[in-house]
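Just below is one structure, and these are the notes that go with it.
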Amino acid sequence: MSEDKIKQPTSIIIFGATGDLAKRKLFPAFYNLFIDDRLPEQFNIIALGRAENTDENFRNHIKENLENFSRKKVTSKEWEDFQKHITYFQHQLDEENSYINLNQKLESYDQDYGTRGNRLFYLSIAPDFVSVISGHIKKTSIASDPATDRIIIEKPFGHDKKSAIELNDLLSQTFEEEQIYRIDHYLGKETVQNILAFRFGNSIFEPLWNHRHIESVQITVAEEVGVESRASFYEQTGALRDMIQNHLLQILCMVAMEAPESLESGEIRDRKVDVLKSIRRISSDKVDHYAVRGQYGESKIDGVESKGYRQEEGIAKDSNTETFAAIKFYLDNERWQDVPFYVRTGKKMKEKHSYITIQFRPLPHSTFSDGPSQLSANRLIINIQPSMDIRLQFMSKKPGLSLDLQPVEMVFNDFACQENSPEAYETLLLEALSGDLTLFMRSDQVEEAWDVVKTIQETWESTKDPSFPNYEAGSWGPKDSNALVERQGHKWV
């Protein structure tokens, strides 16, 4: 992972620079990297948009958004220096002349640099436009150098396994695999990255990281918000494709992977693919046993009426789209044999909270099993957001004269160690600028991840769930999700 400042001159081209992602995440990330002196001395950000605009108007627009979304304060001096690197460029995605003109602009920057600069293309656009952009980039040869030219593609990467394979094949006609950065912002989060250091840098945990000592693993990504302005996108996607196929399976890979021989990107990504291949595929007749779907209904949250999913603007009145999904996975390998991995995600849930829970097996016999204190399970909880910490829960003696036990926690708090830590997109953009692929998905990873959920996706799409809506907004999801874990004597933590 990147430690040194990038030296090579770089041109950053943002497709969809006027969109929401660019406003909330990309420009704030580039600004913060600039303030932290992590960008090269010579760099330019070319913001592509369809409408006619001036550099001055667009820069003022970016400044307003930075004041709302940047983690670092926007000062006059730093903004004055940063804004000089931003150029607005009117561009039509489907017109070849636009790409010819763009190439001329890039060549003019190369002349200023005194060398052929690196080129980073960020596709912050709808997936339907990827093939169009890729085709024009190939025709105009503006990303022809595999060593210096890179392309970042946002999720969703395809909408099923077949389309993901087709998209990979399409991109391979223009780019080498080492040029393609398939982004998943969860892999840029500090505590997710810390899983590698925590597991493989400590002799006290790695020997326990297997089916002999771990009883179950839970991964939860819960959101308080509903679909908000993403109704048209979400109605075509749902929780399974929006969250589990990428975010949650990538976190599962980080938890379950074997120790890499090195921190080289290819080695780490090989180990992640091994995990995805080992996940037991769920047959269509077993989907209802291993997977639960839900859709939120109307409710009152803190005394305020909250819409159900089907009442949201742009949502069909009989929508079959799931806003909640919970699945029990098994990994058929030596390390994790018979250990259930429970994953769940949902919208309009009780609170915003993303975390991993590792529950250890109880002692086969405890000296304290007949005592007055009830023994709680030893757990390791890795909080991803909004809090960022690692908590080890274990039993300890209560202060006093009697030998009673109580559960206690040992906490490592990321915020306490470094306030105002970098956002996920800052980490990922810096890695892409540095040419480090470790935190990005390879083509075979994407295809295997789609294969894991393939039968669930097909079953849910082909059959309507008559129970929808089956959980109230502001709850922890449908009751069937509790039954999913309770069948084996577990419960959601």
Side-chain angles (χ1 to χ4, degrees), residues 1 184-211 213-224 243-244 246-260 263 268 271-272 275-276 279 326-329 331 335-336 339-346 349-361 376-395 407-419 421-424 427-428 438-439 476 485 490-493:
M1 296 182 185
D184 182 341
H185 73 272
Y186 262 72
L187 294 184
K189 292 184 180 293
E190 190 69 32
T191 43
V192 174
Q193 293 180 72
N194 204 7
I195 294 171
L196 283 180
F198 187 80
R199 279 192 59 191
F200 304 124
N202 295 290
S203 62
I204 60 173
F205 290 114
E206 182 57 16
L208 306 179
W209 218 259
N210 55 61
H211 68 92
H213 301 284
I214 292 176
E215 184 176 74
S216 66
V217 177
Q218 294 182 20
I219 302 171
T220 293
V221 176
E223 300 178 278
E224 278 186 310
M243 296 297 292
I244 289 182
N246 41 75
H247 297 329
L248 278 81
L249 283 181
Q250 289 302 310
I251 295 172
L252 189 154
C253 287
M254 297 287 277
V255 173
M257 65 189 281
E258 295 296 323
L263 292 178
I268 290 176
R271 301 291 75 79
K272 290 180 179 179
V275 172
L276 292 169
I279 296 177
I327 306 173
K328 177 170 62 175
F329 290 120
L331 278 59
R335 181 183 292 270
W336 296 111
V339 175
F341 281 72
Y342 302 107
V343 303
R344 65 172 171 171
T345 185
M349 295 185 73
K350 190 174 181 65
E351 62 183 35
K352 179 180 180 178
H353 197 175
S354 300
Y355 58 99
I356 305 160
T357 302
I358 312 293
Q359 180 153 320
F360 293 94
R361 294 189 181 279
S376 297
N378 295 148
R379 293 191 183 110
L380 183 69
I381 299 176
I382 302 171
N383 284 307
I384 300 170
Q385 67 177 19
S387 56
M388 294 165 47
D389 58 45
I390 299 174
R391 296 170 177 266
L392 181 62
Q393 298 179 345
F394 55 95
M395 300 301 293
V408 295
E409 284 189 338
M410 188 181 297
V411 181
F412 163 71
N413 189 328
D414 264 8
F415 283 131
C417 293
Q418 181 179 345
E419 294 182 11
S421 60
E423 296 280 350
T427 299
L428 293 168
T438 304
L439 299 178
W476 278 111
V485 297
H490 302 141
K491 62 181 180 180
W492 292 109
V493 177

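Worth saying up front: this structure is predicted, and the values here are computed from it rather than measured. Below, each value reflects all heavy atoms present in this structure, side chains not excepted, and no hydrogens, waters or symmetry copies.
- The structure places CE of Met410 at 6.0 Å from CG of Leu392, a figure rounded to the nearest 0.5 Å.
- For the residue pair Ile327 and Ile244, the shortest heavy atom distance occurs at CD1-CD1, 3.9 Å.
- Every residue two or more places apart in sequence or in another chain was checked for a side chain to side chain donor-acceptor pair (under 3.5 Å) with Thr357, and none qualifies.
- Every side-chain contact (heavy atoms from CB on, under 4.5 Å) that Met243 has, sequence neighbours left out, goes to Tyr186, Val221, His247, Leu248, Thr345.
- Every residue was checked against the salt bridge (charged side-chain N to carboxylate O under 4.0 Å, His left out) condition with Glu215, not counting sequence neighbours, and none meets it.
- Between Ile356 and Ile381, the closest side-chain pair of non-hydrogen atoms is not below 4.5 Å.
- In terms of the side chain to side chain donor-acceptor pair (under 3.5 Å) criterion, residue partners of Gln393 (sequence neighbours excluded) are, by chain and number, Glu409.
- For residues 377-389, the pairs satisfying salt bridge (Lys or Arg N to Asp or Glu O under 4.0 Å) are Asp389-Arg391, with sequence neighbours left out.
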Mind running side chain to side chain contact (heavy atoms under 4.5 Å, CB included) on Met257 and Leu196 for me, showing each step along the way? CA-CA 9 Å; Met257 65 189 281; Leu196 283 180; 3.8 Å; yes
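- Between the NE2 atom in His185 and the CD atom in Gln250 there is a gap of 12.5 Å [rounded to 0.5 Å].
- Atom CZ of Arg361 sits about 13.0 Å away from atom CG of Asn378, to the nearest 0.5 Å.
- Of all heavy-atom pairs spanning Pro207 and Ser203, the tightest one is CD-O, 2.9 Å.
- Interatomic distance, NZ of Lys189 versus CG of Leu439, reported as 13.0 Å (0.5 Å rounding).
- Between Ile219 and Leu252, some side-chain heavy-atom pair lies under the 4.5 Å cut-off.
- For Lys352, the side-chain contact (heavy atoms from CB on, under 4.5 Å) partners two or more places apart in sequence, or in a different chain, are Glu224, Gln385.
- Residues Val217 and Tyr342 fail the side-chain proximity criterion, which asks for heavy atoms closer than 4.5 Å.
- Put simply, the side chain of Gln193 gets close to the backbone of Gly188: a donor and an acceptor are under 3.5 Å apart.
- For His213, the ring pair (Phe, Tyr, Trp, His ring centres under 6.0 Å) criterion is met by no residue, not counting sequence neighbours.
- Nearest heavy-atom pair across Asn202 and Ala197 is ND2-O, 3.5 Å.
- Looking at Cys253 and Leu276, their side chains come closer than 4.5 Å, going by heavy atoms from C-beta outward.
- Between Ala222 and Ser354, the shortest heavy-atom contact is N-OG, 4.4 Å.
- Contact of the Lys328 side chain with the Phe341 side chain is not registered, since no non-hydrogen atoms from C-beta on lie closer than 4.5 Å.
- To the nearest 0.5 Å, atom CZ of residue Phe412 and atom OG1 of residue Thr191 are 9.5 Å apart.
- With sequence neighbours left out, His211 forms a side-chain contact (heavy atoms from CB on, under 4.5 Å) with Val339.
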Tell me, with the steps shown, if Trp492 and Thr220 meet side chain to side chain contact (heavy atoms under 4.5 Å, CB included). CA-CA 9 Å; Trp492 292 109; Thr220 293; 4.3 Å; yes
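- Not counting sequence neighbours, the partners of Phe198 by the ring pair (Phe, Tyr, Trp, His ring centres under 6.0 Å) test are Phe205.
- With contacts defined as side-chain heavy-atom distances shorter than 4.5 Å, the pair Val192/Met254 qualifies.
- Of all the heavy atoms in Pro422 and Thr427, the pair that sits closest is CB-OG1, 4.4 Å.
- Between Trp336 and Ile214, the closest side-chain pair of non-hydrogen atoms falls below 4.5 Å.
- With contacts defined as side-chain heavy-atom distances shorter than 4.5 Å, the pair Ile268/Lys272 qualifies.
- Glu206 is linked by a side-chain contact (heavy atoms from CB on, under 4.5 Å) to Arg199, Phe200, Trp209, Arg335, counting only residues two or more places apart in sequence or in another chain.
- With rounding to the nearest 0.5 Å, the separation of CG in Asn413 from CD1 in Ile390 is 10.5 Å.
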